[in-house]
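What follows is a single structure, written as structure tokens, with notes after it.
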Amino acid sequence: MPGNSIEELPGVGPATAEKLRDAGYVDLMAIAVESPKVLAEVAEIGESTAVKIISAAKQAADVGGFETGDLILERRKNIHKLTSCSKAFDELMGGGLETQAIAEFFGEFGSGKTQMCFQLAVNATRPVEDGGLDGDVFIIDTENTFRPERIVQMATALDLDPEAVLKRIHVARAFNSHHQMLLVEKAQELAHEMNVRLMIVDSLTAHFRAEYVGRGALAERQQNLNKHMHDLLRFADLNNAVIAVTNQVSAKPDAFFGDPTRPIGGHIVGHAATYRLYLRKSKGGKRIARLIDSPNLPEAEAVITVGEDGVRD
Ligand code: ADP
Ligand code: MG
């Protein structure tokens, strides 16, 4: 939560805060779940001080807790489903992309990930009875591939007012992975004044991949990606929003995940994403979407097309 900085913890002065940050303890949660012995070592403080700091961090951080099933069922009743404009794809997803969840689209360059994001953005602005979420859309664009002209084309094809649609789509360029992560925090602030129902991160992994090169950097990359995914999931829960992220499969073997058909970010991204969808090109401009590892849906495929009008059956 904003405003909760590690300096506010009793026993943490500027020098200790700096040591903690340098060691990667950038928020209260990271400290709350650490052991006193390790924390004492990295911050060069006594173990009893570390115990006090950790206990205060536990109170300040929202470490979560147990909820009864009926409360969870109640919250899940608020889940909405966002259409893709393809019946086959919506059926694959049990009616559309769920709110309070992350859908990860991964596939090679040109497989239709960004086009799918555009279509979802347009659809999210539509009324609920048309398969939309009647909401605003945030797009974190990391590869400079947002094209308002494509939104206009897709909106026009659905008989929507393109300008009205564009006014509900808020786009931010992320210049590096750190900026990308900050934008999620910023988005959460802005979401108080808007009805944000869809957040897109296209691409989730490109900056991380470019910045953390080699085996030595892998642990840090995965740690930050993990935090990023959890921030996104939190955004989804707080706003009853759909999160759609894209991920490229590495054409060249990744430093660690050598298999060229594996999405970047490996298990970290895979476990945090609620739904993983593998997009691949097929004959005649068709695309095949394969649902992988879903908690409640069978592994299956849908054939979609991507054309000037957008995504269709
Ligand atoms: P990526 O998976 O790399 O994000 P894209 O989503 O950008 O790929 O998909 C690019 C493909 O989308 C193009 O190869 C083309 O098939 C299709 N496409 C993009 N723009 C149009 C358009 N205006 N009309 C028809 N098809 C388009
Ligand atoms: Mg793209």
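Atoms within each ligand, like the ligands themselves, are counted from 1 in listed order.
Between the side chains of His179 and Arg173, no donor N or O sits under 3.5 Å from an acceptor N or O. With no hydrogens or angles considered, a side-chain donor-acceptor pair links Asn239 and Gln188 at under 3.5 Å. Remark: the Tyr275 side chain and the Glu98 side chain contain an N/O donor-acceptor pair separated by less than 3.5 Å.
The local environment of NZ in Lys52 is sparse, with at most 12 non-hydrogen atoms from other residues, nucleotides or ligands closer than 6.0 Å. At most 12 heavy atoms of other shown residues, nucleotides or ligands fall within 6.0 angstrom of atom CZ in Arg76. Under a cut-off of 6.0 angstrom, the local environment of CD in Gln153 is crowded, with over 12 non-hydrogen atoms contributed by other residues, nucleotides or ligands.
Atom 3 (O) of ligand 1 has as its closest protein heavy atom Gly110 N, 2.7 Å. For atom 4 (O) of ligand 1, the nearest protein heavy atom (residue, atom name, distance) is Thr114 OG1, 2.8 Å. Nearest protein neighbour of atom 26 (N) of ligand 1, counting heavy atoms only, is Gly307 C, 3.9 Å. Protein heavy atom nearest atom 24 (N) of ligand 1, with residue, atom name and distance: Glu308 CA, 3.3 Å. Taking atom 17 (C) of ligand 1 as the reference point, the nearest protein heavy-atom neighbour is Val306 CG1, 4.0 Å.
Residue-ligand proximity, Glu108 to ligand 1, at heavy-atom distances under 4.0 Å covers atoms 2 (O). Near Phe109, with a cut-off below 4.0 Å to any heavy atom, the atoms of ligand 1 are 3 (O).
With Arg147, Arg287, Gln115, Lys281 as candidates, the residue nearest to atom 16 (O) of ligand 1 on a non-hydrogen basis is Arg287. Counting only non-hydrogen atoms, the option in Gln119, Arg150, Glu149 that gets closest to atom 21 (C) of ligand 1 is Arg150.
Partner Ile6 forms a side chain to side chain contact (heavy atoms under 4.5 Å, CB included) with one of Ile53, Val26, Leu28 and no other, that one being Leu28. Of the residues Asp130, Asp90, Asn123, the one that meets the side-chain hydrogen bond (donor to acceptor under 3.5 Å, both in side chains) test with Thr83 is Asp90.
Checking Thr114 against the Mg ion (ligand 2), an N/O/S atom falls under the 2.8 Å cut-off.
No cation-pi contact links Arg147 to Phe118, judged by a cut-off of 6.0 Å to the six-membered ring centre and 45° from its axis.
At least one N or O atom of Gly112, backbone or side chain, sits closer than 3.5 Å to an N or O atom of ligand 1. Residue Met116 has no nitrogen or oxygen atom sitting less than 3.5 Å from a nitrogen or oxygen atom of ligand 1, judged on distance alone.
Distances shorter than 4.0 angstrom occur between a heavy atom of Gln153 and an atom of ligand 1. Note on ligand 1: Gln248 sits outside its first shell, no heavy atom being nearer than 4.0 Å. Under a 4.0 Å heavy-atom criterion, Gly107 is not in contact with ligand 1.
The aromatic rings of Phe235 and Phe138 sit tilted relative to each other, their planes meeting at an angle between 30° and 60°.
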